[in-house]
*Asks:* 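Handing you a structure now.
Order of the sequence lines sets the chain letters (A, B, ...), proteins ahead of strands, with each chain counted from 1.
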Amino acid sequence: MNILNPLSKSDGEFLNIIVVGCGNVGVTITDRLSSEGHHVTVIDKNAPVLKEICSTYDVMGVVGNGASYNVQMEAGVENADLIIAVTPSDELNLLCCTMAQKFGNCASIARVRNPDYAEELSFIRSRLGLSMIINPDLEASREIARLLRLPGATSINSFARGHAEMVQFKISEKSPLIGKALRDLQSSFSVGVLVCAVDRGGEIFIPGGSFAFAAGDAVSFIATPTDTQKFFKKLSIETRRVKSAMLVGGGRLAYYLAKQLLESGIAVKIIERRSARCTELAELLDGAEIICGDGTDESLLRESGLAATESFIPLTGIDEENILLTLYAKKNTSAKVITKINRMNFHDVIAGLDMDSVVYPRFITAESIIAYARARQNSIGSNIETLYHLFDNRAEAIEFRIAEPCEVTGKPIMQLPLKKDLLIACIYRSGRVIIPSGHDSISVGDTVIIVTKHSGFHEIGDILS
Amino acid sequence: MNYSVMRYILGWVLTVESLFLLISAGVGFSYGDASVTAFLISAGLCALFGLPQVLIKPKNNIFYGKEGFCTVALSWIVLSLFGALPFVLSGEIPNYVDALFETVSGFTTTGASVLADVEVMSHGALFWRSFTHWIGGMGVLVFLLAILPMAGGSKMQLMRAESPGPSVSKLVPKTRYTAMILYGLYFLLSVTEIIFLCFGGLSLFSAVTLTFGTAGTGGFGILNSSAASYSPYIQWVLAVFMMLFGVNFNVYFLLIIRKWKQGLKNEELRTYLGIIAAATALVTLNIQERGLPLGDTIRTAFFQVSSIITTTGFSTCDFDAWPTFSKVILVCLMFIGASAGSTGGGIKISRVLILFKRAKEEIQHFINPRTVTRIRLDGKTVDREVIHSTSAFLITYIFIFAASVLLIALEGHDTSTCFTAVAATINNIGPGLSMVGPAQNFAFFTPFSKIVLIFNMLVGRLELFPLLLLFSRKVWKSGR
């Protein structure tokens, strides 16, 4: 580094990033970004919290109001490449970002959660010149809605603007897949899916042709939505979308979710404790059934028709409550249950519980921000479109857009010296999803999805060893 | 305790030390010293113990404050134990306790010597003696942080344990780059000084060793007369650079990134310069003799003041022969010490400032118990936690000091000797008064007293607590 100008704008190797706000999402982002090697400065009003973060992660802290000029200068906004504002207040976040752009000419990401702005996000973004607006609740609600449309899956990530998806499901005891080798998949089921990763007892495999499936494996595959449907039908996994949903807790996420579900014709029932909020929801959500009461009350749940609902989604603000409600519903009903976890860190405990789908809003946010930061890092050739962390961060799925010819283009995949533990899972070319074989090649203009156990890929060239 | 990561870091410390010893061997070789083999053997031993530890990666990288403090303390002990080997092996300081005293005195940038005649030492040994100052000045762990791409966020714990001052802050978000910048500044300033000294007609060897002594605020000279026989120009250069190395390096960083105002407004810096100016003036008035040119007196006064407040310990005259008033001023400066975040020792200006303001606050509270007050430094409120830990620092410091004086007093030397011997070691200065004055040395102490003083030097350099932690049984229990 340049000793005489140590704070110079980053040379593309790493970004100087300012994170404003040390809440849940702020800490997650800080953790991920600093472990990816970026130079992170954290701003928060709360000094003890900041101190804790600075001693846990390799970052610098500045105490103060993130929208103030002096505080931003102290955090080095002149040399920042990116500012991320995730304080509890939407307006403060927007102010932070607009101020930072004026002082420091950096890219900016703001979190805006208030449903009042939800319709105007892209307008706000372009008018204020922000790089990205994130709304974790909205993102999480989209993910939940996807799962409700395909209840047999435990998680669904979409790529190539929804043309391809990565679906994860658990192999049940009676599944016809058990004992089948991966290379026989095509001949036995004749569908275009590509298995990209398998979690067996906590260990992640990027399977080869001789890999045989066993009961209890969590399998991730990539396919088009129609192929997924076909594949699930052949495995006799539920593919019909749910008809009704019961939501416990009427927060922002519940509102966003209910709105989407209602639009696609799913009956929604929301149980909310505060009567004032119930009135609000009743006003906002035409067609939803709002029940005012304590969602953690067993008799109330039964009275509200828990037994008959096809899906049950606890969305209270308390993770422990959500988990208990999930376990209760799993025991007493056959409904699809999706659990939202905001804060909790006991990953292996949660993974050990019998819950089928778990949604972490803060990780969803962190993923899109990391994808953005990695895309900023590389200047040429290829760009990261989306990024998902799979199996607790132990594998990544990355979508690259190939803009220019480079070392991977124009050659059959089998001739590329790929890294170990890496898979080219899918190529999206002019509206068509190709599940690649060794003879296919990548060309300019494609979108390529790779799955890997390595981390820190910035550009498509990183896949070569 | 995460022993595997501690073992790994200690391994690196030894590996780096082996490298440093090789450099000294190289210097010795170029002068045709007989001691080269001793250095090569020592370097080999360091590598023998260090390298295997480095090759086995730790099982997990997670470590907390406790591990950080213990690792730093152990690193310094291991560093000194091995650093003493070449002196013993070459027979230049045959007694191991004496050699250890000399080495610890080097690494802790104390500069107290057991040698009556340094001019008979080989070039390699002289270089190594001074080089330990340079390594110890900024700290060997900071050096490791700068060169080792270690994972994990807790690296700051290491830096916090080794860097002086009540609260250690980063310059840039990454610990590694902060360490790099610190060493970069340190290196630049050192090179500048070497150039200035060479310009004054010193040989490269003298310039480099003297610079090492100044940069680390150590004080080992290569002549028996310390700095007295150098030309006035050299003395001015040394005095000014001693003063510069006693400044908080954050100030230099601010200057480099062109935040002039913020850098020069620094309260600690202003106090530091103020104290130097006032002390120089008072000493000059006190020691001025009829007939001597005022310029010479000012130079002598400024040199000793700068040398003592930065805890370097070079001298251009025997200040033990000064009038009592001047001697007491120097003793006061010994305790105040240099700025936090510099290479100097002592209690540190910023701590003195905080304690002074705390005393003022207490008086306020006596006048009106309901007053709500805040202690500010550089216009920013100082955390209550920092104030408490500063008070705790002072209390612990006094206890250790008193106990050490008591133990040294067993030998039966005069009060001034006992008192200043401890003051000169715990504050990492070097020369004291009376029998340990600038014209004397520490050779006459019994091995027991020397070990007490060795402990004092280490405890002073690491700012008390990291070393004291090693004596707590709780730390070593396997559970957390």
*Asks:* Check whether B:Q262 gets within reach of chain A through its side chain, its backbone, both or neither, counting any heavy atom under 4.5 Å.
*Replies:*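 No part of it gets close to chain A.
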
*Asks:* Between A:T365 (side chain only) and A:P361 (backbone N and O only), is there a donor and an acceptor less than 3.5 Å apart?
*Replies:*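 Pair found, side chain donor or acceptor close to backbone of A:P361.
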
*Asks:* List in chain and number order the residues that pass salt bridge (Lys or Arg N to Asp or Glu O under 4.0 Å) with A:R111, two or more places apart in sequence or in another chain; answer none if no residue qualifies.
*Replies:*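 If we apply the salt bridge (Lys or Arg N to Asp or Glu O under 4.0 Å) test to A:R111, skipping adjacent residues, there are no hits.
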
*Asks:* Select one option (side chain, backbone, both, neither) describing which atoms of A:S34 are under 4.5 Å from chain B's heavy atoms.
*Replies:*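 For A:S34, backbone and side chain are both near chain B.
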
*Asks:* Is the distance between the ring centroids of B:F20 and B:F143 under 6.0 Å?
*Replies:*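 Yes, ring centres under 6.0 Å apart.
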
*Asks:* Between chain B and each of A:G37, A:A75, A:S35, count heavy-atom pairs under 4.5 Å; write down the option with the most.
*Replies:*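 Greatest number of close heavy-atom pairs with chain B: A:G37.
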
*Asks:* Looking at residues at least two apart in the chain, or sitting in another chain, which of them share a salt bridge (Lys or Arg N to Asp or Glu O under 4.0 Å) with B:R358?
*Replies:*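 By the salt bridge (Lys or Arg N to Asp or Glu O under 4.0 Å) rule, B:R358 matches B:E361, B:E362.
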
